[in-house]
Amino acid sequence: MANHAWMLRRVVAAIVVAGVAVSAQAPPPPVTSALLQQVAGALQMYVDPLPQMAKIGGYGFQQGRVVPVNLTIGMFQKNWKFHRDLLETPVFVYGQCADSATFPGPTIVARHDVPLAVTWENHLPDRHILPRDPTVPTAIPRNGGVPTVVHLHGSAHPPQADGSAFAWFTAGFRETGPAWTQATYRYPNVQPPGNLWYHDHKPEVDVPMDLPCDDDDLHLVIADRSFNVDGSLYMNSTGSAPSVHPQWQPEYFGEAITVNGKAWPFLAVHRRRYRFRILNASNARYFNVSLSNGMPFHVVGSDASYLAAPVTVSSLLISPAEIFDVVVDFSMSPTAEVEMLNSAPYQFPTGTAPGPLNGKVMKFVVAPNGPRDPPDNSTVPDREVPYANVASPGPTSETRYIAMYEYLTPSGQSTHLYTNGLRLEDPVTETPRSGTTELWHVINLTGDNHPLHIHLGMFQAVKMQQLLDLQAFTDCMTQVNDAVRCGVDRHAVGPVVPVPDHEKTWKNVVKVPPGFVTTVVVAFKLVDTNQPYPFDATAEPGYVYHCHILDHEDNAMIRPLKLLP
């Protein structure tokens, strides 16, 4: 996570970067894993109520009609308390002004087909509040300041509004990156209804489903964080291979689990249905969440799309940047208190099992319904949207092989990760035609599960097949970087793992397991209407696709994506 301008771009509205304060007193003792565990372990769980996300209207009304609006949203530095017993933490926050800026940032409530213009302003200080690695390039201003740029995750918008890593800007636009062209981003809001990192409403789709709404429709933004004794956020200042990268490490894992900016909060609920839009905003941690009393999740959507029909599951595996839209019916709770638990190892999938701290997420306190509580008229619908599933790949305009590599020192320390053996700065190789559908075979030659994210396009996995004789195939790929020449069809003959039913829809993030070929259908068009984009998607600076483990993305499992007419 060395390139913090790029990292800040990745966390649009849900959670932003908190940082290390500089003490004016004697230098603190060296930070050890034991000390970080001690700080987190001293925080009593379930004493802070879950904060609710602030909201900004993304449209207006004139004479009873919905009309577009223009917003100005800035980035500021403020202090935030992550826990009742923890000192304040310096954070970077979003808001319409410094006083109203919040952590997590506000949700912009937008309407389908109602365009929105946002002027993003940088009011951040001259120096970053986190350590950074100067050997990881992309956004390094010559004259100081914190470079930043904003990406609306899951939206269909022109390239100029995508938040390119090369379109960064410092405070007051004193310095800008080579791809910066404009301060105001225009979002047409033409993508199908679903959850972005600002969420979107399409009344003609949402309303008939009678899902829980208003106070019963809540965001849960989950992220792991480590805290110093003084309350500031801890981030490593020494890299895993410091002779190559003095600060960068391949994954950041925190000891404390925060939800909406509070460590292990609680939420008081009534015996009725609630809708939770669950976002994993961690750098690298996967969450496999379940409810302690065995109650299920009714999954109605994932990322920026509804499902064809709800799917009931007992647990949800959520990768970084992935969203699941679920309904929980607390009228069926056999207990008065329900913990949300986490069982995902870190690194995922073969790392350390979670312990007593990172194995817990939050608690729900179930209260009986009172005489003044309104009736619960919400439902879990039988059917949702007809365009969600891809039963078979069907005709595609292009088939591509996308290979994921990790590079190690002789002693086994990670130095960087590439896609197809190339850097972000290298010439573009993925050039789909706007309005078409492609088939990508994503080959994971690393030991990690990677959450693959694509800008503009939407995709869904249709097959996950294990590679046999993996080492021989990896050796060949490392030498020639050509899946066909290395006989991928002879190696991708192992067991097929089914795509979970609750992930069978058009997504922005697809999990790519290690040692597998994951086949995904990628649509470069509006999937709900099967129509081309109503804007020029071929303009500069183009788009990108990347691993959404932030530390991997920074160094540098990210590639350009250039659409052709």
Side-chain angles (χ1 to χ4, degrees), residues 9 12 58-59 66 68 108 110-118 120 149-167 179 181-182 184-202 204-205 301-306 385-388 390 393-398 400 428-440 452-460 505-510 520-546 559-565:
R9 188 190 67 74
V12 172
Y59 56 92
V66 176
I108 297 177
R111 285 284 285 268
H112 186 268
D113 275 338
V114 180
L116 172 64
V118 181
W120 300 102
V149 65
V150 178
H151 169 62
L152 180 55
H153 180 112
S155 169
H157 48 246
Q160 302 92 327
D162 191 54
S164 164
F166 301 102
T181 58
Q182 58 200 56
T184 298
Y185 283 9
R186 290 174 172 83
Y187 304 106
N189 287 324
V190 293
Q191 66 279 342
N195 294 291
L196 314 182
W197 278 34
Y198 285 102
H199 77 266
D200 170 71
H201 291 281
K202 187 175 183 181
E204 63 268 29
V205 175
S302 182
D303 293 338
S305 178
Y306 286 111
V385 297
Y387 54 82
V390 173
T396 58
S397 61
E398 187 83 25
R400 302 182 191 274
V428 62
T429 51
E430 281 64 60
T431 55
R433 295 195 176 276
S434 183
T436 64
T437 300
E438 296 195 345
L439 196 66
W440 289 14
L452 181 65
H453 171 50
I454 190 168
H455 290 209
L456 182 67
M458 299 183 76
F459 56 2
Q460 56 179 295
T505 190
W506 294 103
K507 291 173 57 62
N508 307 121
V509 174
V510 166
V520 295
V521 177
V522 192
F524 296 100
K525 57 186 175 180
L526 300 176
V527 296
D528 55 336
T529 61
N530 200 33
Q531 295 297 309
Y533 303 115
F535 51 82
D536 183 7
T538 68
E540 295 295 339
Y543 301 93
V544 293
Y545 68 96
H546 57 87
R559 288 289 293 141
L561 180 73
K562 175 65 175 175
L563 269 65
L564 302 178

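Residue numbers start at 1 and run along the sequence shown. As the structure is a computational prediction, the values presented were derived from the model and not from experiment.
Residues in residues 187-197 take part in no salt bridge (Lys or Arg N to Asp or Glu O under 4.0 Å) pair, two or more places apart or across chains. Residue pairs meeting the salt bridge (Lys or Arg N to Asp or Glu O under 4.0 Å) criterion with at least one member in residues 535-544, sequence neighbours excluded: Glu540-Lys562.
A donor-acceptor pair is defined here as one N or O able to donate and one able to accept, closer than 3.5 Å; no such pair exists between the side chain of Glu398 and the backbone of Thr431. Not a single donor-acceptor pair under 3.5 Å links the side chain of Ser305 to the backbone N or O of Gly194. For Asp303 (side chain) and Asn508 (main-chain N/O), a donor-acceptor pair under 3.5 Å exists by modelled atom type. Although no hydrogens or angles enter the test, the distance criterion places a donor-acceptor pair under 3.5 Å between the side chain of Gln191 and the main chain of Ala156.
Between His453 atom NE2 and His546 atom NE2 the span is 4.5 Å, to the nearest 0.5 Å. Remark: Trp120 CH2 to Leu152 CG distance equals 7.5 Å, nearest 0.5 Å. Atoms OG and CG, on Ser155 and Asn189 in that order, are 6.0 Å from each other to the nearest 0.5 Å.
Partners of Gln182 according to the side-chain contact (heavy atoms from CB on, under 4.5 Å) rule, which considers only residues two or more places apart in sequence or in another chain, are Gln160, Tyr185. Residues meeting the side chain to side chain donor-acceptor pair (under 3.5 Å) test with Ser397, sequence neighbours left out: Thr436. The ring-ring contact (aromatic ring centres under 6.0 Å, His included) check on Trp440 picks up Tyr545, with sequence neighbours excluded. The salt bridge (charged side-chain N to carboxylate O under 4.0 Å, His left out) check on Glu438 picks up Arg400, with sequence neighbours excluded. Arg559 meets the side chain to side chain donor-acceptor pair (under 3.5 Å) test with Thr429; sequence neighbours excluded. Residues satisfying the side chain to side chain donor-acceptor pair (under 3.5 Å) test with Tyr543, not counting sequence neighbours, are none. By the side-chain contact (heavy atoms from CB on, under 4.5 Å) test, Thr437 pairs with Thr396, Val521, Ala523, Lys525, sequence neighbours left out. For the ring-ring contact (aromatic ring centres under 6.0 Å, His included) test, no residue two or more places apart in sequence or in another chain qualifies with Tyr387. Listed by chain and number, the residues in a side-chain contact (heavy atoms from CB on, under 4.5 Å) with Pro188 are His157, Pro158, Val190, Phe535 (sequence neighbours excluded).
Annotation for Ala537 and Pro159: closest pair O-CG, 3.7 Å, computed over non-hydrogen atoms. Closest non-hydrogen pair, Gly58 versus Leu116, comes out as O-CD1, 3.6 Å. Taking both residues in full, the closest heavy atoms of Thr184 and Ala117 are given as CG2-CB, 4.0 Å, listed atom of the first, atom of the second, then distance. Annotation for Pro541 and Ser164: closest pair CG-CB, 3.7 Å, computed over non-hydrogen atoms. Across all their heavy atoms, Gln460 and Ala388 have their closest contact at NE2-O, 2.8 Å.
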Checking side-chain contact (heavy atoms from CB on, under 4.5 Å) for the pair Trp506/Val385: CA distance, chi angles, key distance, verdict?
CA-CA 11 Å; Trp506 294 103; Val385 297; over 6 Å; no
Taking it one step at a time, do Leu456 and Leu561 satisfy side-chain contact (heavy atoms from CB on, under 4.5 Å)?
CA-CA 10 Å; Leu456 182 67; Leu561 180 73; 5.7 Å; no
Checking Tyr533 against Leu526 for the side-chain contact (heavy atoms from CB on, under 4.5 Å) test, could you report, in this order, the C-alpha distance in whole Å, the side-chain angles of both residues, the deciding distance, and whether it holds?
CA-CA 6 Å; Tyr533 303 115; Leu526 300 176; 3.9 Å; yes
Taking it one step at a time, do His112 and Asp528 satisfy side-chain contact (heavy atoms from CB on, under 4.5 Å)?
CA-CA 12 Å; His112 186 268; Asp528 55 336; 4.1 Å; yes
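Between Val509 and His153 there is a side-chain heavy-atom pair separated by less than 4.5 Å. Between Phe524 and Ile454 the shortest side-chain heavy-atom distance falls below 4.5 Å.
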